[in-house]
Amino acid sequence: MAATPPKPAATTPRRKVSRHRGEGQWAAGHFTPLNGVEQFKKDDDSLNVRTRIETIYSKRGFDSIDPNDLRGRFRWWGLYTQRRPGIDGGRTGLLEPEELEDEFFMMRVRVTGGRLTTEQLRAIGEVSETYARGTADITDRQNIQFHWIRIEDVPAVWERLEAVGLSTTEACGDCPRGMLGSPVAGVAEDEIIDGSAALDEIARRYIGNPAFSNLPRKYKTAVSGSPLLDVAHEINDIAFVGVVHPEHGPGFDLWVGGGLSTNPKFGVRLGAWVPEPEVPDVWEGVTSIFRDHGYRRLRNRARLKFLVSDWGAEKFRQVLEDDYLGRKLIDGPAPEMPAQQWRDHIGVHRQKDGRFYVGFAPRVGRMDGSLLTKVAELAEAHGSGRVSTTVEQKMIILDVPGDRVDSLVEGLESLDLRVAPSSFRRGTMACTGIQFCKLAIGETKQRGSDLIDELERRLPEFDEPLTININGCPNACARIQTGDIGLKGQLMTDAEGNQVGGYQVHLGGALGLEPSFGRKVRGLKVTSDDLPDYIERVLKRYLAEREDGERFATWTARASEESLS
């Protein structure tokens, strides 16, 4: 494996960026920081900030925090300042960070592969109730997010989480963030291969490892052996997808360079088959390429997807094999695309051991500590000690004996956790939004929850698979480009000339079968108040105009602008 290129001992003075200095790639000898983020990362490894949090900031309070720690290195320990209450979306881009931020934090808890014991879920519930005003959201990266965390309480939160094997290490920042895995790994009857051991080994070797704590930008990993392709592998920086090689048997197909935000790109296959024991080494090789060759000059071009786009799959694989692995990878087949459109494991499903797993749908991932504790208690009362989170902001209780399934379902439904949800409850996802996020322009969580109720009332018979992804800004944390209906928060002017919250509409995005980014119809924007009317109208047109068996995404690709408006 190639070593990290040597860095100069002393900090090189910053100079104006010039053309000959390239993209800031370490492998090209460009170690001089070309922006403020690269400078603070070079000045001190961001992992070191934990000691200052424990020994200085938690004792002296918020005002004692160094700005480069507060708005930079804290992220490596899962901490972002949250939005100050009362600041409307029109001021998001006008205020300085210190004007936008509150003296409280969002804290993100890593949940590798979405796997939690009920003991861990109880600990999360306790932290939520004690330190986070009851907040605990499930993200679309299988993590849990708290809000309202005080700097004074951070060490106590870490102590409680780490006592049950959880952490916030590198949950954010320019590093290997939370790692996705099939939420039913090891139990699903149709599983191609169980990727959980490989995922755990990646986390064990590399999370908190200084060799990978300074990547050009965020880095997202997915490993799944499910034939449902249940980890959105197409939009991760690196993904290992279960396939069966005709000669070597079950293993993983390697994908690199996926990502969304304002310049979305689907990952590309390298055409390589990776056996399960080699997954961590291949992960290290790909990640090392990103570290060494990734673009560090401009933050908006610092994701792996831009390097992959410039190099192409053939060159990327050659560099991986020749410079980092020192051997050739085995050519392999592509995964089969599943015909099933839902990949969330909602409902009751038989496990390979004869027991059952039960997937259920909260509202847009919004939970609270008390509810999480009740889920843990309910699972334990029905013979289970394990739960999982999914990339659709849903949850699953595993290992339920057959004679206890009906009782469990009844208990979940009594908590408004739907095991047989409507298409709208099942398919609606929302990012954090303006309530807590400093980048947001619009409201998301409450809007999504209200929208579910309204659409269920208006279209009670609608049962087609449908995803509605609601995002508060252009950064696509809720994957707006890959939803059937993607809604990007923005400010609008209503009929009376007032500035109001609304959404730019993306239509027909999809992952899995025929992956595509949503279509934007020119001028198609909808105010928040008009959103239920618009969605009702477009869904009724879909039902009236679709061909037999035609998916919503397929219909939107051929529908007229009038039908979509």
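- Taking the six-membered ring where the residue is Trp, Tyr357 and His349 present parallel rings, their angle staying beneath 30° rather than reaching 60°.
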### Task
Test ring pair (Phe, Tyr, Trp, His ring centres under 6.0 Å) on Tyr219 and Phe290 and set out the steps.
CA-CA 9 Å; Tyr219 187 70; Phe290 181 44; 5.5 Å; yes

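- Look at Glu38 and Lys41 and you find a salt bridge, because one of the NZ, NE, NH1 or NH2 atoms lies within 4.0 Å of a carboxylate O, short of that distance.
- Formation of a donor-acceptor pair under 3.5 Å by the Thr482 side chain with backbone atoms of Arg479 is found in this model.
- Without hydrogens or angle criteria, Arg217 side chain to Tyr295 main chain gives no donor-acceptor distance under 3.5 Å.
- Ring geometry, Tyr206 versus Trp283: the interplanar angle falls under 30°, so the pair is classed parallel (tilted spans 30 to 60°).
- Annotation: side chain of Lys218 is not in contact with side chain of Cys172 (no heavy-atom distance under 4.5 Å).
- A distance-only check finds a donor-acceptor pair linking the side chain of Arg108 to the backbone of Ala171 [under 3.5 Å].
- At a threshold of 4.0 Å, the pair Arg301-Asp310 counts as salt-bridged, since one of the basic side-chain nitrogens sits closer than that to a carboxylate oxygen.
- A tilted orientation is assigned to the rings of Phe74 and Tyr57, their planes being inclined by 30° to 60°.
- In plain terms, the two heavy atoms of Thr390 and Pro183 that are nearest each other are CG2-CG, 4.1 Å.
- Using a 30° and 60° split on the angle between ring planes, His147 and Phe436 fall in the parallel class, below 30°.
- Between Arg75 and Asp174 there is no salt bridge, since no side-chain N of the basic residue sits under 4.0 Å from a carboxylate O of the acidic one.
- Taking the side chain as every heavy atom from C-beta outward, Ile346 and Lys394 approach each other to under 4.5 Å.
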### Task
Show your reasoning for whether side-chain hydrogen bond (donor to acceptor under 3.5 Å, both in side chains) applies to Ser213 and Trp76.
CA-CA 8 Å; Ser213 62; Trp76 274 249; 5.4 Å; no

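- Enclosure of atom NZ in Lys445 by more than 12 non-hydrogen atoms of other residues, nucleotides or ligands within 6.0 angstrom is indicated.
- Taking each heavy atom of Pro335 and Gly242 in turn, the nearest pair found is CB-O, 4.2 Å.
- Annotation: side chain of Asn214 is not in contact with side chain of Asp45 (no heavy-atom distance under 4.5 Å).
- Asp368 places a side-chain N or O within donor-acceptor distance of the main-chain N or O of Ser370, the cut-off being under 3.5 Å.
- Residues Val243 and Ile192 have side chains not in contact (no heavy-atom distance under 4.5 Å, counting atoms from C-beta outward).
- Side chain of Ser226 to main chain of Leu228: a donor-acceptor pair is present (N/O by atom type, distance under 3.5 Å, no hydrogens or angles).
- With a 6.0 Å radius and a threshold of 12 heavy atoms from other residues, nucleotides or ligands, Glu336 has its CD atom at or below the threshold.
- Leu398 approaches Ser384 most closely through the heavy-atom pair O-OG, 2.6 Å.
- Listed for the Asn48 side chain is no donor-acceptor partner under 3.5 Å among the backbone atoms of Asp44.
- Val231 approaches Leu180 most closely through the heavy-atom pair O-CD1, 3.3 Å.
- Classified by interplanar angle (parallel below 30°, tilted 30° to 60°, perpendicular above 60°), the ring pair Phe266/Phe517 is parallel.
- Under the 3.5 Å distance criterion, the side-chain polar atoms of Thr287 are left unmatched by any main-chain donor or acceptor of Glu284.
- In this structure, Arg343 and Ala232 approach most closely via the heavy-atom pair NH2-CA, 4.3 Å.
- You'll find the ring centres of His293 and Trp311 inside the 6.0 Å limit.
- Smallest separation of non-hydrogen atoms from Gly369 and Ala136: N-CB, 4.4 Å.
- A salt bridge does not link Arg83 with Glu101: every distance from a Lys NZ or Arg NE/NH1/NH2 to an Asp or Glu carboxylate oxygen is 4.0 Å or more.
- Salt bridge present: Arg50 and Glu162 bring a charged side-chain N and a carboxylate O closer than 4.0 Å.
- Of the possible donor and acceptor atoms, none in the side chain of Thr139 sits under 3.5 Å from a partner among the backbone N and O of Ile144.
- Not one N or O on the side chain of Trp148 forms a donor-acceptor pair closer than 3.5 Å with the backbone of Phe104.
- For His245 (side chain) and Asp331 (main-chain N/O), a donor-acceptor pair under 3.5 Å exists by modelled atom type.
- Residues Arg317 and Leu329 have side chains in contact (heavy-atom distance under 4.5 Å, counting atoms from C-beta outward).
- Counting heavy atoms from C-beta on, the side chains of Thr221 and Asn236 never come closer than 4.5 Å.
- Residues Glu201 and Arg204 are paired through a salt bridge, judged by an N-O separation under 4.0 Å between the basic side chain and the carboxylate.
- The only member of Thr467, Asn469, Val364 that meets side chain to side chain contact (heavy atoms under 4.5 Å, CB included) when paired with Thr428 is Val364.
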